[in-house]
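Some notes on the structure that comes next.
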2 protein chains.
Amino acid sequence: MPAVATREQIVAAADRLFYHHGYEHTSFADIAGAVGLSRGNFYYHFKSKDAILDAVIDARLADTRRMLEQWETEAATPAGRIMRYVEIVLTNRADIQDYGCPVGTLTTELAKLEHAMLGQAGRLFTLFRTWLREQFAQLGHAEHADELAMHVLAFSQGVAVMANAFHDEAFIQREVDRMREWLHTYER
Amino acid sequence: MPAVATREQIVAAADRLFYHHGYEHTSFADIAGAVGLSRGNFYYHFKSKDAILDAVIDARLADTRRMLEQWETEAATPAGRIMRYVEIVLTNRADIQDYGCPVGTLTTELAKLEHAMLGQAGRLFTLFRTWLREQFAQLGHAEHADELAMHVLAFSQGVAVMANAFHDEAFIQREVDRMREWLHTYER
DNA sequence: GGCGCTCTAGGACGACTGTCCTACAATTTT
DNA sequence: AAAATTGTAGGACAGTCGTCCTAGAGCGCC
């Protein structure tokens with residue numbers, strides 16, 4: 001098998017395991033088992049566990065950019081695009097109830113570990129923040145665009161943590177509805 | 001030194017370390033070093049790491065109950081008491097920016113570890129939830145008290161995650177102000 | 001066939017983990 | 001003073017961790 005395909009398999013497995021069980025709690029053996037490779041052989045593809053994390057974050061950044069670009073084509077209005085983001089917590093409610101938000105939980109964990117890759121993980125948040133800010137600017141609120149973007153991010157993180165803690169789908173739906181109404185007050 | 005004092009020292013040190021570095025990332029050696037005891041000797045006081053976590057959660061539950069009772073005496077109105085909760089993110093902003101919310105981050109971590117003590121940690125959330133629900137009921141919104149309580153909890157968790165990720169004090173202040181205005185619409 | 005490159009298996013390594021045990025100091029009780 | 005209790009130190013234990021090394025399989029190219 002070509003190295004690139006194996007590398008992608010490793011990244012995909014690590015991505016899933018980091019999300020489900022956390023970075024620290026996922027061992028090389030776990031990833032190796034998921035891909036079907038021997039443990040020691042990993043150093044041909046990645047020279048350290050940090051390098052895998054780096055690749056996982058890069059992959060998530062690329063996936064996120066792809067998703068945001070797709071939203072640009074699917075939703076015609078900035079408000080519609082913002083709602084696309086808000087509704088992630090509904091779309092991914094099953095995973096969120098089980099594992100929380102992939103971005104939020106990773107950032108929280110890396111902060112506690114004082115991990116060198118924390119800054120890299122922060123770029124995931126910044127990517128959403130910048131995109132949301134642009135949507136609010138297009139909506140005609142350039143002056144407070146960043147504050148509104150941060151508010152929407154905080155909404156999603158709050159819902160994710162609570163949904164993970166209480167496994168309450170009705171709660172998620174209510175909060176999304178509340179957010180939709182809030183967003184209407186900013187539409188012109 | 002009597003055992004009870006040593007035990008309390010261990011719980012206090014473990015509480016702080018679990019909050020700062022996470023449960024899994026904190027080892028017996030770390031706690032022992034913080035208290036100034038030998039590693040192996042812990043089994044005289046706690047028979048397992050889970051037992052320490054259990055004691056830490058119990059201590060946090062007791063501290064939280066004390067805090068909530070104090071709020072009952074300090075704030076005359078239910079709205080004032082709810083604002084006391086909302087303003088935690090401001091009062092504890094330094095710790096929150098560094099380590100996030102003690103309750104939220106612990107629950108998130110234990111969920112990923114599929115740890116048996118996850119249910120115990122959930123009681124911390126439930127304690128706040130029940131208390132907030134009671135305040136909203138006293139405010140005259142008995143019918144939606146639980147939904148409103150969950151909304152306030154989600155607010156605090158969202159702010160905590162974002163403040164931890166971006167270290168933005170102005171953001172915390174803005175969100176608290178936003179929450180104060182929101183709460184005014186529910187006052188009679 | 002022989003060479004070189006890509007990829008892999010398997011194990012060794014030192015460090016660290018939670019757990020447990022035993023011997024001993026300190027203190028209290030008899 | 002002797003005995004019993006309470007608390008401690010230090011190390012052994014089996015296991016796991018991330019890391020690294022070596023030998024060799026599979027393959028295209030000369």
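Just so we're on the same page: letters track the sequence lines, and every chain starts at 1. Here the structure is a predicted model, which means the values were calculated and not measured.
Under a cut-off of 6.0 angstrom, the local environment of CD in A:Glu181 is sparse, with at most 12 non-hydrogen atoms contributed by other residues, nucleotides or ligands. Within a 6.0 Å radius of CD in B:Glu74, other residues, nucleotides and ligands contribute more than 12 heavy atoms.
One atom, CZ of A:Phe46, and another, P of C:dT8, lie 12 Å apart when rounded to the nearest Å. Going from atom CZ of A:Arg7 over to atom P of C:dT6 covers 15 Å, rounded to whole Å. Computed from coordinates, the A:Phe42 CZ to C:dG11 P distance equals 17 Å when rounded to whole Å. A:Phe28 has its CZ atom 19 Å from the P atom of C:dA15, to the nearest Å. One interatomic measurement links the two molecules: CD1 of A:Ile10 to C1' of C:dT8, which rounds to 11 Å at whole-angstrom precision. Rounded to whole Å, the distance from NZ on B:Lys49 to C1' on C:dT19 is 13 Å. With rounding to whole Å, A:Gln9 atom CD is found 13 Å from C:dC7 atom P. Distance A:Lys47 NZ to C:dC7 P: 18 Å, rounded to the nearest Å.
If you check the side chains of B:Asp98 and B:Tyr19, you find no donor sitting under 3.5 Å from an acceptor. At a cut-off of 3.5 Å, with distance as the only test, a side-chain donor of A:Ser156 or A:Tyr85 sits close to an acceptor on the other residue. Between the side chains of A:Gln173 and A:Glu169, no donor N or O sits under 3.5 Å from an acceptor N or O.
Taking only side-chain nitrogens and oxygens, B:His45 never comes nearer than 4.0 Å to OP1 or OP2 of D:dT6. At the phosphate of C:dT8, OP1 or OP2 sits under 4.0 Å from a side-chain N or O atom of A:Thr6. Distances shorter than 4.0 Å separate none of the side-chain N or O atoms of B:Tyr44 from OP1 or OP2 on D:dT8.
A:Phe46 and A:Phe28 have their aromatic ring centers separated by at least 6.0 angstrom.
B:His21 pairs by the ring pair (Phe, Tyr, Trp, His ring centres under 6.0 Å) definition with nothing, not counting sequence neighbours. Residues satisfying the side-chain hydrogen bond (donor to acceptor under 3.5 Å, both in side chains) criterion with B:Arg180, sequence neighbours excluded, are B:Glu87, B:Asp177.
With respect to B:Gln135, the side chain to side chain contact (heavy atoms under 4.5 Å, CB included) criterion is satisfied by exactly one of B:Glu72, B:Arg84, B:His141: B:Glu72.
The aromatic rings of B:Trp182 and B:His151 sit tilted, their planes meeting at an angle between 30° and 60°.
When the C1' atoms of four end pairs are superposed on the next four at each end of the helix from C:dG1-D:dC30 to C:dT30-D:dA1, using five pairs per end, the two resulting axes differ in direction by 20°, to 10°.
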Atom pairs under 3.5 Å, N or O on each side, protein against nucleotides 9-11 of chain D: can you list them with distances?
{"from": "D:dA9", "atom 1": "OP2", "to": "B:Ser38", "atom 2": "N", "distance (Å)": "3.2"}

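Proximity of residues 19-27 of chain A to DNA chain C (heavy atom under 4.0 angstrom from any strand atom) is not detected for any residue.
Counting only residues at least two apart or in different chains, side chain to side chain donor-acceptor pair (under 3.5 Å) contacts with residues 28-41 of chain A comprise A:Ser27-A:Asp30.
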